[in-house]
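These numbers were taken from a predicted model, which means no experiment stands behind them. Atom set for the values below is all heavy atoms of this structure, side chains included, hydrogens, waters and symmetry mates excluded.
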Amino acid sequence: MSNKKPRVRFAPSPTGYLHVGGLRTALYNYLFAKKNGGEFILRIEDTDQNRFVEGAVENLIETINWVGLEYDEGPNKDGKVGPYFQSERLKIYKKYSEQLIEQGDAYRCFCTPERLTALREEQQKAKLPQAKYDKLCLHLSKEEIKKNIAEGKPYIVRLNVKAGDNIIINDIVRDKVEFTRAVIDDQVLIKTDGFPTYHMANVVDDHLMGITHVIRGEEWLSSTPKHILLYNAFGWEVPEFAHLPLLLNADRSKLSKRQGDVAVEDYKAKGYLKEALLNFVALLGWSTSDNDEFFNLEDLVNNFSLERVHKAGAIFNVEKLDWINAEHLRKKDKLEILQMLKAELTESKYKDLELTDEYLLLIVEAMLERVSFVKEYIDNSPYFYEPPTSYDETVIKKRWKDDSVDLLQKYVAKLTELENPIKADYEIALKQVAEEAECGAGRIIHPVRVATSGVGIGPGVYDLLFILGKDEVITRINNALKVIPEIKKNISIN
RNA sequence: GGCGCGUUCGUCUAGUGGUCUAGGACGCUGGCCUCUCACGCCGGUAACACGGGUUCGACCCCCGUACGCGCUACCA
């Protein structure tokens, strides 16, 4: 291993959104760089003109920024080795491909797509072990090549794979992987449109950008021999490789859009915290030797090592993500949650309510242990934002007794006498009523809860009442007193 | 088909020849706490793909089989 300061890169092709698998690749690159005092570079691999998607790059960068994987060099953040868009480096690839042609390590190929498919079919029919280009154009004379070019015949540039030793990759996560050289095809380096293929652009850029460690998905393992051949042809130092296990659907196929959400922005839209997403995705293929599972970005940086990345693919299992999200949300600062709640409220039907921070903070505290998502501060307790629009019948059935009306009236009477009650006052008052009526507190607590919130679950009643405030509580109980007995009667009849 | 990679509870994983009657987490589940729900706490559930070796001894090493996945494009 070289002792240079590591430089790694995340090199996505802009397909329109950031895939969660891509997020993990980016994360591991970032973590490795930061852990080892190195640099993390973002490079856009936009060499496929057919796959151009409007706005994809902007979207990608926005998402990377949102999760907080700040890159040291890349789009809008120039280092010394830009540009960081491959589409802007065409001249560079051309120069290097010409060098390869001159050296005899690459050659122009004028074969038509028709000939190539015919060749493949023929080889398949003949049951040849593997389909490969037959090097026809390698044997073209200088005159023939010149003539073809003069005639404007389209051509591609192919790597000239010569006979030789097997290619050995010393992968950081997979150890030694060996490929028979005879199996390697004369890979296309430059396409007819003048754009490079992934293989060419990747090797040239990684070298020119000083990349020391190539950390990427396992789908690249099979083409790594081609890359090594290229480094060798140029006489460049081969970087270290670490091929990451794939992220899988529940059926163990490669994680795909068909079987659920794969875009980071989908999870963002659903209300997942970036901390949770990062934490979860980090654990998909990496772990520490102890039992820690809760990590923020800084923890991850401190603990990460490529040696502890394992080899098998991992299923992206949302249940655990939900749990991690809840954990992160609960550990957040209350004022931060307050800001998120306010943002969420502006998107909700309660956007026109004028609620004080003080009021919202009380809700945050009361609901903290009861929510997994910020949205749930609204969805799980609408009664903090509006009076109940209905009353849960199963709760009424179970908790509303014959004496409930009487007890609630007495409680209201007690509350009316109070001045600026604090939480404890609601409790004292309730206990007094219970004592006078010679019944358990629960006999009042449950009816009060349904009457004020409409449901049977939620924070402690005294918290609930205190947050709502005396006037609101009395109004709500009085309203409930008008409708709940009717509901109870109907339930009894049915 | 060829080449490559992989295979521990349902899921994410710990485990590098004896400490494993295989540990943790999520999920599910029983209980405690309790005004409800949740949190928390205590407990339960459930796995070394299979077959051969090597060894005094294999989850761990070797070979094979099965299965899964990836690559096999002028896509990345």
Side-chain angles (χ1 to χ4, degrees), chain A residues 11-15 45-48 50-51 109 111 113 116-117 120 123-124 127-132 154-158 169 171 173-174 177-180 182-185 187-199 201-202 216-225 243 245-246 248 250-254 280 283-294 308 310-324 326 330 367-372 380-381 395 398-399 427 430 440-446 448-450 453 455-462 464:
Chain A
S13 78
T15 55
E45 309 225 326
D46 52 351
T47 57
D48 186 359
N50 300 322
R51 283 220 263 172
C109 172
C111 289
L116 295 177
T117 42
R120 254 193 297 274
Q123 288 174 334
Q124 233 159 40
K127 292 222 157 60
L128 250 53
Q130 68 272 326
K132 277 169 68 180
Y155 66 87
I156 58 176
V157 177
R158 312 189 87 108
I169 304 164
D171 192 275
V173 345
R174 274 149 227 286
V177 182
E178 188 168 352
F179 288 85
T180 312
V183 161
I184 303 167
D185 199 3
Q187 185 60 43
V188 175
L189 265 23
I190 304 286
K191 303 179 245 182
T192 3
D193 63 5
F195 276 67
T197 58
Y198 171 86
H199 310 288
N202 198 260
R216 74 219 315 186
E218 191 192 343
E219 69 266 33
W220 296 110
L221 186 57
S222 299
S223 35
T224 305
H243 286 95
L246 260 20
L248 275 21
D251 66 358
R252 298 222 153 264
S253 57
K254 191 171 161 181
F280 174 63
L283 259 17
L284 255 26
W286 171 85
S287 64
T288 56
S289 56
D290 48 39
N291 291 324
D292 285 353
E293 290 202 299
F294 183 86
R308 289 198 64 86
H310 45 101
K311 304 170 168 66
I315 293 175
F316 191 92
N317 154 257
V318 185
E319 282 169 350
K320 190 146 187 175
L321 207 206
D322 287 347
W323 171 76
I324 289 184
R330 287 192 198 110
M367 296 298 291
L368 193 67
E369 305 293 348
R370 278 164 258 263
V371 299
S372 300
N380 291 5
S381 55
V395 177
K398 187 174 176 198
R399 306 290 192 183
E427 182 169 2
L430 190 140
R443 198 83 172 184
I444 310 172
I445 285 173
H446 296 295
V448 166
R449 179 188 293 288
V450 223
S453 74
V455 293
I457 58 173
V461 246
Y462 308 121
L464 173 67

Protein-nucleotide distance (A/I315, atom CD1; B/U11, atom P), rounded to Å: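 My rounded result for the distance is 6 Å.
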Applying a 4.0 Å non-hydrogen cut-off, can you work out what [X] is touching in the nucleic acid: base, sugar-phosphate, or nothing?
| X | value |
| --- | --- |
| A/A312 | sugar-phosphate |
| A/Q124 | nothing |
| A/R216 | nothing |
| A/F179 | sugar-phosphate |
| A/G217 | nothing |

Could you tell me how far [M] sits from [N] if I compare only their [atom1] atoms? Round to whole Å.
| N | M | atom1 | value |
| --- | --- | --- | --- |
| B/G44 | B/G24 | P | 9 Å |
| B/A47 | B/G23 | P | 11 Å |
| B/U19 | B/C37 | C1' | 44 Å |
| B/A76 | B/U7 | C1' | 28 Å |
| B/U45 | B/G4 | P | 43 Å |
| B/G10 | B/U72 | P | 34 Å |
| B/G6 | B/C63 | P | 12 Å |

Once salt bridge (Lys or Arg N to Asp or Glu O under 4.0 Å) is applied, do any residues pair with [X], and if so which ones, sequence neighbours excluded?
| X | result |
| --- | --- |
| A/E219 | none |
| A/K191 | none |
| A/D48 | A/R51 |
| A/R174 | A/E218 |

Determine which nucleotide pairs with [N], using a 3.5 Å limit on both distances of a Watson-Crick or G-U wobble pair.
| N | answer |
| --- | --- |
| B/U16 | none |
| B/U21 | none |
| B/C61 | B/G53 |
| B/C39 | none |
| B/U7 | B/A66 |

Would you list the protein and nucleotides 69-76 of chain B atom pairs, both N or O, that sit under 3.5 Å from each other?
{"residue": "B/G70", "atom": "N2", "partner": "A/S222", "partner atom": "OG", "Å": "3.1"}
{"residue": "B/C74", "atom": "O2", "partner": "A/T192", "partner atom": "N", "Å": "2.8"}
{"residue": "B/C74", "atom": "O2", "partner": "A/T192", "partner atom": "OG1", "Å": "2.2"}
{"residue": "B/C74", "atom": "N3", "partner": "A/T192", "partner atom": "OG1", "Å": "2.7"}
{"residue": "B/C75", "atom": "OP2", "partner": "A/K191", "partner atom": "NZ", "Å": "3.0"}
{"residue": "B/C75", "atom": "O2'", "partner": "A/D48", "partner atom": "OD2", "Å": "2.9"}
{"residue": "B/C75", "atom": "O2'", "partner": "A/R51", "partner atom": "NE", "Å": "3.4"}
{"residue": "B/C75", "atom": "O2'", "partner": "A/R51", "partner atom": "NH2", "Å": "3.0"}
{"residue": "B/C75", "atom": "O2", "partner": "A/R51", "partner atom": "NH2", "Å": "3.0"}
{"residue": "B/A76", "atom": "OP1", "partner": "A/T47", "partner atom": "OG1", "Å": "2.9"}
{"residue": "B/A76", "atom": "OP1", "partner": "A/K191", "partner atom": "NZ", "Å": "2.6"}
{"residue": "B/A76", "atom": "OP2", "partner": "A/Y198", "partner atom": "N", "Å": "3.3"}
{"residue": "B/A76", "atom": "O4'", "partner": "A/R51", "partner atom": "NH2", "Å": "3.4"}
{"residue": "B/A76", "atom": "O3'", "partner": "A/E45", "partner atom": "OE1", "Å": "3.4"}
{"residue": "B/A76", "atom": "O2'", "partner": "A/S13", "partner atom": "OG", "Å": "3.1"}

Which residues pass the side chain to side chain donor-acceptor pair (under 3.5 Å) test with [X], not counting sequence neighbours?
| X | answer |
| --- | --- |
| A/D322 | A/Y272 |
| A/T192 | none |
| A/R216 | A/Y198, A/N202, A/T224, A/H227, A/H243 |

Residue whose closest nucleotide on RNA chain B lies nearer the 5' end, A/G313 versus A/V177: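 Upstream on the strand: A/V177.
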Is the shortest side-chain N/O distance from A/H310 to OP1 or OP2 of B/U13 below 4.0 Å?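 Yes, because at least one side-chain N or O of A/H310 sits under 4.0 Å from OP1 or OP2 of B/U13.
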Which nucleotide sits closest to the side chain of A/S289: B/G15, B/C12, B/C35?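 Among B/G15, B/C12, B/C35, the one nearest the side chain of A/S289 is B/G15.
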Produce the list of close N/O pairs, under 3.5 Å, pairing protein atoms with atoms of nucleotides 37-43 of chain B; give distances to one decimal.
{"residue": "B/C37", "atom": "O2", "partner": "A/R370", "partner atom": "NH1", "Å": "2.8"}
{"residue": "B/C37", "atom": "O2", "partner": "A/G458", "partner atom": "O", "Å": "3.3"}
{"residue": "B/C37", "atom": "N3", "partner": "A/R370", "partner atom": "NH1", "Å": "2.4"}
{"residue": "B/A38", "atom": "O2'", "partner": "A/E369", "partner atom": "O", "Å": "2.1"}
{"residue": "B/C39", "atom": "O2'", "partner": "A/E369", "partner atom": "OE1", "Å": "2.9"}

